[in-house]
Amino acid sequence: MNLPYKNYVGVLDSGVGGLTVLRQLVRQYPCNYVYLADGAFFPYGTKSSDQLLARLRKIISLFVNGGVSAVVVACNTASVFADTLREQFEIPIFDVVTPTCNAVAAATQTKRVALLATDATVQSNIYGTVLAQRGIDVTSFACSAFVPFVENGQVDTVECEQVVADTLRCLPQADTDTVILGCTHFPLLSKHLAKYVGNMRTVQCVTDFVPDDSIKVFGAPNTVFLTTGSDFAANRASLWYGKTRFVHIDI
Ligand code: DGL
């Protein structure tokens with residue numbers, strides 16, 4: 001399928017979590033964005049590296065064939081593969097891990113931080129590796145169990161509250177001053193997380209995408225929302241974002 005998105009910026013995540021990154025981008029840079037929620041392959045955080053890499057190659061090829069000028073990987077689990085993807089594709093590919101680590105370095109005073117991320121991101125140790133280069137020690141919490149509650153619009157349930165409690169009970173004793181919300185779905189869980197985060201600082205994922213002059217739009221910029229999964233589910237889960245309307249595509 002060839003998508004007509006010449007001069008757009010492609011933004012991807014497994015689902016609605018990447019909208020937390022898109023929202024920052026739209027506010028900061030007036031560009032045309034095409035956001036892809038990969039609902040058919042959701043969740044990313046419990047998939048193998050081979051499965052994920054193959055899927056990401058497919059999505060970025062689709063973006064490239066559609067004419068996008070740059071890609072923002074608005075997903076930590078997928079950002080693990082950003083360097084490998086940059087070797088294959090010629091367009092600029094931005095991820096969230098290194099920019100988020102820079103924000104963490106600016107936030108922490110004790111240089112001891114906690115990471116809440118998917119099982120795959122924790123297993124990759126990407127945050128541990130990048131932050132160790134800045135002299136920062138990371139205690140990780142594998143939180144893939146949180147993700148479906150956000151994606152399915154079930155944050156306001158006792159089950160969700162219980163899963164967060166079971167996973168983060170030890171967080172207050174971790175002796176850290178900063179908590180990385182190392183999954184783009186997690187800012188949408190902040191009301192449950194607050195109880196365990198307490199007075200620690202939180203750092204939400206950011207990207208270092210800056211448009212070059214060729215893709216800046218001076219006028220009314222457009223954002224298009226696509227999902228490979230159920231458009232109904234994506235529309236329901238993204239209600240918090242505003243007037244989002246997802247259109248289903250098959251990959
Ligand atoms: N939102 C994604 C992340 O930042 C992944 C969630 C998932 O699909 O497991 O890691």
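Counting starts at 1 for both ligands and their atoms, following the listed order. Bear in mind that the values here come from a model prediction, so they are computed numbers and not experimental data.
- Under the 4.5 Å side-chain heavy-atom criterion for grouping Ile, Leu, Val, Met, Phe, Trp and Tyr, F232 is not connected to F246 through any hydrophobic cluster.
- The N/O atoms of G45, backbone and side chain alike, include one that comes under 3.5 Å of an N/O atom in ligand 1.
- Side chain to side chain, T46 and D119 fail the donor-acceptor criterion of an N or O pair below 3.5 Å.
- Ligand 1 has a nitrogen or oxygen under 3.5 angstrom from a nitrogen or oxygen of Y44.
- Between T46 and ligand 1, no N or O atom pair is found at a separation short of 3.5 Å.
- Side-chain N/O atoms of T77 and T121 include a donor and acceptor closer than 3.5 Å.
- Judged by the shortest distance from any of its heavy atoms, G15 lies outside the 4.0 Å radius around the atoms of ligand 1.
- For ligand 1, none of its N or O atoms has an N or O atom of T121 under 3.5 Å away.
- Under the ring-ring contact (aromatic ring centres under 6.0 Å, His included) rule, F186 has a single partner from F149, Y196, F146, which is F146.
- Ranking the protein heavy atoms by distance from atom 10 (O) of ligand 1 puts T77 OG1, 2.6 Å first.
- A single hydrophobic cluster is seen to contain both V68 and V224, as judged by linkage of ILVMFWY side chains at heavy-atom distances under 4.5 Å, directly or through other members.
- Side-chain N/O atoms of N32 and Y5 include no donor and acceptor closer than 3.5 Å.
- The heavy atom nearest to atom 3 (C) of ligand 1, considering only N76, T20, V147, is found in N76.
- Between S14 and ligand 1, at least one pair of N/O atoms sits closer than 3.5 Å.
- The atoms of ligand 1 that sit less than 4.0 Å from any heavy atom of D13 are 1 (N), 2 (C).
- Every atom of ligand 1 with a heavy atom of T118 under 4.0 Å away is listed here by number and element: 5 (C), 6 (C), 9 (O), 10 (O).
- In terms of heavy-atom proximity, C205 sits nearest to T100 at CA-OG1, 3.4 Å.
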